[in-house]
Amino acid sequence: ETGVTQTPRHLVMGMTNKKSLKCEQHLGHNAMYWYKQSAKKPLELMFVYNFKEQTENNSVPSRFSPECPNSSHLFLHLHTLQPEDSALYLCASSQGHRGYEQYFGPGTRLTVT
Amino acid sequence: AQSVTQPDIHITVSEGASLELRCNYSYGATPYLFWYVQSPGQGLQLLLKYFSGDTLVQGIKGFEAEFKRSQSSFNLRKPSVHWSDAAEYFCAVDSRGAGNMLTFGGGTRLMVKP
């Protein structure tokens, strides 16, 4: 595997379910990010991790819970989501957290029913 | 707060024609500037970036962009569009503040006519 991978690519879940999204980067980067991409809205930064430490939580509801066990892996735990949470969730990584371009994974298409 | 505006939501060009996608940002200092492309069902791929120096930057796939400080713009250009360029294009700005915080524009969807 190369670059940034995300699993699953598609996920359908009910509002009472608990699920997790996984992201893995194979680039030796130190910073990782979660973004939400909804139809007709700009990409929204959700969380930033730098050297496994969360450095940014962009006012994300607590039903989204990130976890970064090491610099290569990032999870997004989901519980009691709402239909408006349906979106494409993108993971990205960068070498550092200042002035470096971000590399994106293919995303997980989430549908909340 | 910084903002990024891509005025054109949709653009259609004929294959072989030239292309310019507009991007304007609102920020006091010169930020880092990026253009990304997203094909359907895919993540974002970096086309090019501007950090400093020459204001005309070259990217992949034959794209270039020009930073104009006086106009707070970073427009993307390509002299001859190929059908495979059909995708959504995003301009992004990093304020150079603490943390690598990218602010994205709303995107421009490019369609290419044969």
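So that the names make sense, note that chain A is the first sequence line, chain B the second, and so on, each numbered from 1.
Annotation for M111(B): atom CE counts as buried by contact number, over 12 foreign heavy atoms lying within 6.0 Å. Atom CD1 of I9(B) sits in a sparse spot, with 12 or fewer heavy atoms from other residues, nucleotides or ligands closer than 6.0 Å.
For a residue to count as touching a neighbouring chain, one of its non-hydrogen atoms must lie under 4.5 Å from one of that chain's; by this rule L46(B) touches chain A with the side chain only. The part of R9(A) that comes within reach of chain B is its side chain, from C-beta onward, which places non-hydrogen atoms under 4.5 angstrom from that chain. When heavy atoms are compared at a cutoff of 4.5 Å, Q6(B) does not approach chain A at all.
Atom CZ in F104(B) sits 4.5 Å away from atom OH in Y35(A) (nearest 0.5 Å). Summarising the geometry, atom CG belonging to L102(B) is positioned 9.5 Å from atom CG belonging to L43(A); distances are rounded to the nearest 0.5 Å. The distance from atom CG of L47(B) to atom CD of E101(A), rounded to the nearest 0.5 Å, is 12.0 Å.
Below 4.5 Å, heavy atoms of chain B meet heavy atoms from L88(A), all part of residues 78-88 of chain A.
Nearest approach of P42(A) to G105(B), heavy atoms of both residues: CB-O, 4.0 Å.
Looking only at side-chain heavy atoms (C-beta outward), Q37(A) and F90(B) come within less than 4.5 Å of each other.
The hydrophobic clustering, which links ILVMFWY residues whose side-chain heavy atoms are closer than 4.5 Å, places F34(B) and Y103(A) apart. A continuous path of Ile, Leu, Val, Met, Phe, Trp and Tyr side chains, each step under 4.5 Å between heavy atoms, connects L21(A) with M15(A), placing both in one hydrophobic cluster. In the hydrophobic cluster analysis, where Ile, Leu, Val, Met, Phe, Trp and Tyr join through side-chain heavy atoms closer than 4.5 angstrom, V4(A) is grouped apart from V48(A). Linking ILVMFWY residues whenever their side-chain heavy atoms come closer than 4.5 Å, directly or via other members, leaves L56(B) and I60(B) in distinct clusters. Under the 4.5 Å side-chain contact rule for hydrophobic residues, F75(A) and M13(A) do not share a cluster.
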